[in-house]
Engineer: 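The structure follows.
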Amino acid sequence: MSNIDNLITRLAQDEIRVKTAPHPFILSLQWMGAAGIYLAVSLTLFGLRPDLLEKFHSVWFVAEIGVLLGILIVTSISAALLAFPDLYQKRNLALAPAWMLALFLLTLFLAWRADNPLIPLPVHSFECTLGITVMSLLPTVWIFSSMRRYASTHYRLAGSVALLSAFSVGALWLRLHEVNDSIVHVIKWHYLPMLAIGIIGLWLGQRVLKW
Amino acid sequence: MIDRTDSFEVLMRQSQNGDQQAYASLLKQTSLFLHTFLANRLRYTNEVDDLLQEILISIHKARHTYDSNRPYKPWVYAIAKFRLQDYLRAHYSDQLRQAIDLEDIEENFQESVTETAISFESISGEIKKLPEKQAAILQLMHQEGYTAKEIAEKMGMNESAVKVAAHRAYKLLRKKLEK
């Protein structure tokens, strides 16, 4: 144990006064606040879809936006909890995105069922995925650089949830900007790539958040 | 000695405020219960000590993520389990990396790895230049007369791993002696 004693002595001689990390709820509020500002600025620059007010009379559009907003909120809170070694002892809340994603899939399924007669697909396709990705880059960099300051012991899951959170900002932006009513297109080119990117987050978390 | 359940939390709070004595005491107490935790999960004492040091360093690095309003032990155990899993993952993947395809050593099955025409003493200078583990295996085999099985037990390795290490050592030696 002499090595251990030496190490303890050395660690105790180090500068041990530290600025403690903020509460994860504060952290997630900061991220959500920044995401809100980013969304507002980008929508001001690129413009809201002209039929937005009219679309807010459609139940499924409102449900879709509501659940997307829910994903942003829940993944932000979860990512903040996952940045702490013990998940801030709020394990159930940290794993809440699973329930939110299930609700999201259910909403999309019901919206697709309600899409009768089928609204024709727009002419563009992958451009939407590209647009969401580009819009999500800044939130991705910000959330990951913020999480690196802490000590995640679930770095793969943390990476995945953080990336989902960032991409939900991009998805929200596109839904509020683009005039497009085809749910098939939205599922295929907006949300499926977004969920697939969550898997990339597992890898990214391992690369970026491991300490 | 800590006898109150909230003492860890108090010590950590004091440590975060710069009290070095409290911090040393906290780490000392932490190392005691983590030693038991690791000893129940790892086979060798040196592994326990190495990993314990790593965990203490991790606790030091992550101390800003501890909130003294929460219990201390779940926070510490989360870090300890994380480092233990990391260690075991690396340990087993290392074993897999070192595992050799049977086809690669099939041709050497007929050769005795415990016998060689060259005497240990005549090439002991070259043996000392070998990697530490290989040199130790050759020394035990040829100078002290241990069998591969006995060496395996002594060094905490598989018998086949000892034979493979010996085989590699012979290859290296052959190359060096041929020069």
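Values below: every heavy atom of this structure, side chains too, minus hydrogens, waters and symmetry copies. A note on names: the letters A, B, ... follow the listed sequences, proteins ahead of strands, and every chain is numbered from 1.
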Engineer: Applying ring-ring contact (aromatic ring centres under 6.0 Å, His included), name anything that partners A:Trp173, two or more places apart in sequence or on another chain.
Structural biologist: A:Phe46, A:His177
Engineer: Side chain, backbone, both or neither: which part of B:Ser58 has an atom under 4.5 Å from a heavy atom of chain A?
Structural biologist: both
Engineer: At a 4.5 Å cut-off on heavy atoms, which part of A:Arg10 comes close to chain B: side chain, backbone, both, or neither?
Structural biologist: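 When you check distances to chain B, no heavy atom of A:Arg10 falls under 4.5 Å.
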Engineer: B:Tyr77 versus chain A, heavy atoms under 4.5 Å apart: side chain, backbone, both or neither?
Structural biologist: neither
Engineer: Do we see a donor-acceptor contact under 3.5 Å between the side chains of B:Ser7 and B:Tyr72?
Structural biologist: no
Engineer: Between B:Thr36 (side chain) and B:Leu32 (backbone), is there a donor-acceptor pair under 3.5 Å?
Structural biologist: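 Present.
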Engineer: Tell me yes or no: between the side chains of B:Tyr146 and B:Glu153, is some donor less than 3.5 Å from an acceptor?
Structural biologist: no
Engineer: Where does B:Asn69 contact chain A at under 4.5 Å (heavy atoms): side chain, backbone, both or neither?
Structural biologist: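 Contact with chain A is absent: no heavy atom of B:Asn69 under 4.5 Å.
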Engineer: Please confirm whether B:Lys73 makes a cation-pi placement over B:Phe33, using NZ or CZ under 6.0 Å from the six-membered ring centre and within 45° of the ring normal.
Structural biologist: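 Yes, cation above the ring, under 6.0 Å and within 45°.
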Engineer: Heavy-atom pairs under 4.5 Å with chain B: which of A:His23, A:Arg17, A:Gln13 has the most?
Structural biologist: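 With the most close heavy-atom pairs to chain B, the winner is A:Arg17.
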Engineer: Between chain A and each of B:Ser68, B:Ala62, B:Pro74, count heavy-atom pairs under 4.5 Å; write down the option with the most.
Structural biologist: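 Between B:Ser68, B:Ala62, B:Pro74, the count favours B:Pro74.
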Engineer: If we only count heavy atoms from C-beta on, is the A:Leu163 to A:Phe144 side-chain gap below 4.5 Å?
Structural biologist: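 In contact.
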Engineer: Check each atom of A:Leu7 against the heavy atoms of chain B and say whether the ones under 4.5 Å are side chain, backbone, both or neither.
Structural biologist: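 A:Leu7 touches chain B through side-chain heavy atoms alone.
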